[in-house]
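Comments concern the structure below.
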Amino acid sequence: MYMFSSLVIVLSFISVIPLPQSIIPEWNSNNLRYFCIMLAVTGGLFALLWLSVWKILLLIPSMSSILRGFFMTVFTLSLTGGLHLDGLMDSCDAVFSHRDRNTRLEILSDTHAGSFAVIGCVIVILAKTLLFSELLTLNITPAIIPAYSRLGMAVLLNNLPFAKSGGLAVTLGSSRNQKHNLILAVMTVILVYVGTWPEAVVFIVSLLLWRRLCLRMFGGITGDLLGAFVEVSEVFMLMGAVIAQCT
């Protein structure tokens, strides 16, 4: 029962998938008990949705690869309502501000977008469009990538200290459990087994580097940093897939 409640909370939070209001549970410690596990599980659902749209785009041969790449990018951003992109923008402003830790945390909470936020947003959208376009041309399906990125979110949320005493990460991770790391490890092994080595290697490197960045620059994790990880890691995994096919 609590696992289903956690799944519904995850879907209602990180996606725009319509759910009946009557089944969305209260955000309490019991219903959030399996949030990290269900976050990783939801990555599998996102992978299926990515694959479905990917196959549909391949059925339109008259469309240019750039345009198909653009539509794929729009779909991936629309699926989450731009939630992770918002986290990326806030994180860009904070990381490149060259301020002390407390000021960086204040910038993360600022609702205004600075120049670094805009630059980061444009780079990610352009990078995803071009990389999707290249993979469509090569007929390489990147469907496993959202499964990796959501698994990474779950690992970070379940293990890193909170950078702030309050906030979204604290709420979502209020019932996290170190015992769930074993399940997350099994999920990682499964993804490595069913996927290809470029995505797996880039995922692990991205996860370790992002962990280091969060600890050194912010002292822990926040909701914005989790969202930023998704966008950054997906770009690098897409890039890894392209480079692997071109070498």
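Residue numbers run from 1 in the order of the sequence given. Computed from a predicted model, the values in this text were never measured in an experiment.
- Between atom CD of residue E134 and atom CD1 of residue I243 there is a gap of 11.0 Å, rounded to the nearest 0.5 Å.
- For the pair F13/L83, a side-chain contact is recorded, criterion being any heavy-atom separation below 4.5 Å from C-beta on.
- Cluster membership check: W27 shares its hydrophobic cluster with F162, using side-chain heavy-atom separations under 4.5 Å among Ile, Leu, Val, Met, Phe, Trp and Tyr.
- Note: F229 and W210 have tilted aromatic rings, judged against thresholds of 30 and 60 degrees for the angle between ring planes.
- Using a 4.5 Å heavy-atom cutoff, the side chains of T141 and L51 are in contact.
- Side-chain atoms of S149 never come within 3.5 Å of backbone atoms of V230 as a donor-acceptor pair (strictly under, hydrogens ignored).
- No donor-acceptor contact under 3.5 angstrom links the side chains of N158 and N177, judged on distance only.
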Show the numbers, then the answer: is there a side-chain contact (heavy atoms from CB on, under 4.5 Å) between V74 and I125? CA-CA 9 Å; V74 170; I125 291 176; over 6 Å; no
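- Other residues, nucleotides and ligands contribute only 12 or fewer heavy atoms inside 6.0 Å of the CZ atom of R99.
- A heavy-atom distance below 4.5 Å is not found between the side chains of S5 and N30.
- Going from atom OG1 of T222 over to atom CZ of F218 covers 7.0 Å, rounded to the nearest 0.5 Å.
- For S133 (side chain) and G69 (main-chain N/O), no donor-acceptor pair under 3.5 Å exists by modelled atom type.
- At least one donor-acceptor pair under 3.5 Å links the side chain of R176 to the backbone N or O of L157.
- I119 places none of its side-chain heavy atoms less than 4.5 Å from the side chain of F96.
- With a 6.0 Å radius and a threshold of 12 heavy atoms from other residues, nucleotides or ligands, Q178 has its CD atom above the threshold.
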Test side-chain contact (heavy atoms from CB on, under 4.5 Å) applied to D86 and D224, step by step: CA-CA 7 Å; D86 177 73; D224 284 325; 4.2 Å; yes
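- Across every non-hydrogen atom of K128 and V235, the tightest pair is CG-CG2, 4.0 Å.
- A donor-acceptor pair is defined here as one N or O able to donate and one able to accept, closer than 3.5 Å; no such pair exists between the side chain of S78 and the backbone of G81.
- Atoms CD1 and OG, from I107 and S97 in turn, are 3.5 Å apart once rounded to the nearest 0.5 Å.
- Summarising the geometry of C214 relative to L160, their closest heavy-atom pair is CB-CD2, 3.8 Å, with the distance given to 0.1 Å.
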Walk me through whether L79 and I14 qualify under side-chain contact (heavy atoms from CB on, under 4.5 Å). CA-CA 8 Å; L79 183 60; I14 70 166; over 6 Å; no
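- Rounded to the nearest 0.5 angstrom, W54 CH2 and L49 CG are separated by 15.0 Å.
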Passes salt bridge (Lys or Arg N to Asp or Glu O under 4.0 Å), E106 versus K164? Steps please. CA-CA 10 Å; E106 290 177 5; K164 298 185 290 186; over 6 Å; no
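- V201 and M237 are members of different hydrophobic clusters when ILVMFWY side chains are connected at heavy-atom separations under 4.5 Å.
- Using a 4.5 Å cut-off between side-chain heavy atoms of Ile, Leu, Val, Met, Phe, Trp and Tyr, with links allowed through other members, M239 and V205 fall into different hydrophobic clusters.
- Looking at every heavy atom in both residues, E199 comes nearest to I144 through CG-CG2, 4.3 Å.
- Applying the 6.0 Å contact sphere to CZ of F46 captures more than 12 heavy atoms from other residues, nucleotides or ligands.
- At a threshold of 4.5 Å between non-hydrogen side-chain atoms, the residues C121 and L85 count as touching.
- Note: the hydrophobic cluster containing V232 does not contain I123 (ILVMFWY, side chain heavy atoms under 4.5 Å, direct or indirect links).
- Counting heavy atoms from C-beta on, the side chains of T76 and F132 come closer than 4.5 Å.
- The CD1 atom of I140 lies 12.5 Å from the CG atom of L238; values are rounded to the nearest 0.5 Å.
- T73 places a side-chain N or O within donor-acceptor distance of the main-chain N or O of T129, the cut-off being under 3.5 Å.
- For W50 and F75, the ring centers sit 6.0 Å or farther from each other.
- With hydrogens and angles ignored, the 3.5 Å screen pairs a side-chain donor or acceptor of N31 with a backbone N or O of E26.
- Considering all non-hydrogen atoms of both residues, L19 and V8 come closest at CD1-O, 3.9 Å.
- Closest approach of G223 to A169, counting heavy atoms only: N-CB, 3.6 Å.
- If you take NZ on K179 and CD1 on I37, they are separated by 13.0 Å, rounding to the nearest 0.5 Å.
- Counting heavy atoms from C-beta on, the side chains of L126 and F70 never come closer than 4.5 Å.
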Should H84 and R150 be marked as a side-chain contact (heavy atoms from CB on, under 4.5 Å) after you check the CA-CA gap, both sets of side-chain angles, and the distance that decides it? CA-CA 11 Å; H84 304 318; R150 272 65 187 186; 3.3 Å; yes
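- Both I204 and F236 are part of a single hydrophobic cluster, where members link through side-chain heavy atoms under 4.5 Å apart.
- If you check the side chains of S206 and S233, you find no donor sitting under 3.5 Å from an acceptor.
- Without hydrogens or angle criteria, R104 side chain to M217 main chain gives a donor-acceptor distance under 3.5 Å.
- In terms of heavy atoms, P142 sits closest to P146 at O-CD, 3.8 Å.
- Looking at heavy atoms from C-beta onward, F71 lies in side-chain contact with M63 at the 4.5 angstrom threshold.
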